[in-house]
Amino acid sequence: MNVPLLDLKGQYQSIKKEMDEAIAGVVESQYFILSPEVSSFENEVASYTGVTRGVGVASGTDAIILALKAAGVGEGDKVITTPFTFFATAESISILGAIPVFVDIDPNTYNIDPQKIEELLLQTQKHNDAERKTIKAIIPVHLYGQCADMDPILEIAEKYGLMVIEDCAQAMGAVYKGKKAGSFGLAGAFSFFPSKNLGGFGDGGMVVTSNEELAEMVKKLRVHGSSEQYIHDTIAYNSRLDSLQAAVLRIKLKKLDSWIAARQKIAERYNSAFSGTGIKTPVTGEGNIHTYHQYTIEVPDRDGMLKYLGEKNIGSRIYYPVPMHFQPCYRDLGYKEGDFPVSEKACKSVLSLPVYPELTEEMIEYVIDTVKKF
Ligand SMILES: Cc1ncc(COP(=O)(O)O)c(C=O)c1O
């Protein structure tokens, strides 16, 4: 038996006819850039998310960069985020000349710990109020497919006058207290990287927001800072979502809820099979509906299990082995080992298992048996 970590070929086979027709439609039209496919998809994602606007961009990374830039974040500003994320979150802050300020995570959900955000703000304020005021925004990352604890985060943001830009790359469709990921902050940033719950046939991303001004600014930033052809108000980017991607993603969006439901069912199977084994299974935070972009467990001998599963032809992976404050490019930020103990421990003990709709009953059983055997 062979159980890959992800099976995109299987997903494609299940919707091949519709996909091929959609792609052929775009090719026939030869309308590749900012076509009605793109604006229809933007409207569909906005409506799915519960916001008024969606602006398609070239990647999830660009979605964060353009949202931050449109919000006015720039040189010397500070942005609070988690050290336990994919590099793109922190990189997007740095690329604008701003500085990431890390805050440790909750050990159960792996999302940024709101109490620690407030502690950092209070401490900075006590030490130097002017420095506190250089902190402009918070980027909570909805890791593995469940939202960060948004109520206290929004409360803190309001109290200290900070903007909230959600990194929703892993969490399309995730719900927190009745609202979807991307609808809480000033803006949300989605990724359509092929492995995401809603993944394209290449790179893609979207900024979602109910702030018209911000949406218009992102629209301008994605086309060389121009809102009128050949007139450029600002130095910006070429970062558009391709029509081909939009066509593919429009079809997949219609399937997304059923795919999420299938992931949730597999996660439930794993949860009950692993209970009482000493494996720490995913914890769903209060008020959350988890979409299981990843099904991530914690085990004492994580590296041993990774190796064992590999030998048994089961794909598993560490998301993420190195926290942001240990990245070589962030040495100059001055963090040291022990600064974010929860994130550092998670990097040493987490392991993600296969969790996607195309898993067969036999595959699920095989994963369960093999994990338990180890
Ligand atoms: C948490 C997180 N943020 C940002 C990104 C960046 O998205 P992209 O790869 O589409 O640029 C990703 C995914 O790759 C991600 O997982």
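Note that ligands are numbered from 1 as they come in the structure, with each ligand's atoms numbered from 1 the same way. Just so you know, these numbers use all the heavy atoms, side chains as well, and skip hydrogens, waters and symmetry mates.
Salt bridge annotation for Lys133-Asp129: present, with a cationic side-chain nitrogen under 4.0 angstrom from a carboxylate oxygen.
Of the N and O atoms on the side chains of Lys255 and Gln11, not one donor lies less than 3.5 Å from an acceptor on the other residue. Defined by atom type and a distance below 3.5 Å, a donor-acceptor pair is missing between the side-chain atoms of Thr82 and Tyr110. Counting only N and O atoms by type, the side chains of Asn313 and Tyr366 include no donor and acceptor under 3.5 Å apart. No side-chain N or O of Asn111 forms a donor-acceptor pair with one of Tyr144 less than 3.5 Å apart.
At most 12 non-hydrogen atoms from other residues, nucleotides or ligands lie less than 6.0 angstrom from CD of Glu158.
When non-hydrogen atoms are compared, ligand 1 lies under 4.0 Å from the side chain of Tyr320 (C-beta onward) but not from its backbone.
The protein atom (non-hydrogen) at minimum distance from atom 15 (C) of ligand 1 is Ala169 CB, 3.4 Å. Closest to atom 16 (O) of ligand 1, if we only count protein heavy atoms, is Gln170 NE2, 2.9 Å. The protein heavy-atom contact nearest to atom 13 (C) of ligand 1 is Lys196 NZ, 2.8 Å.
Numbered from 1 in the order shown, with element, the atoms of ligand 1 that lie under 4.0 Å from a heavy atom of Thr89 read 3 (N). Annotation for ligand 1: atoms under 4.0 Å from non-hydrogen atoms of Ser191 are 7 (O), 8 (P), 10 (O). Annotation for ligand 1: atoms under 4.0 Å from non-hydrogen atoms of Gly60 are 7 (O), 8 (P), 10 (O), 11 (O). Against a heavy-atom cut-off of under 4.0 Å, Ala88 is close to the following atoms of ligand 1: 4 (C), 5 (C), 6 (C). Each of the following atoms of ligand 1 lies closer than 4.0 Å to a heavy atom of Val141: 1 (C).
Remark: aromatic rings of Phe41 and Phe192 are close, center separation under 6.0 Å.
When Asp167, Asp203, Thr61, Thr82 are checked for heavy-atom proximity to atom 4 (C) of ligand 1, Asp167 turns out nearest.
For the pair Thr85 and ligand 1, the shortest N or O to N or O distance does not fall below 3.5 Å.
Side chain of Arg302 to main chain of Lys348: a donor-acceptor pair is present (N/O by atom type, distance under 3.5 Å, no hydrogens or angles).
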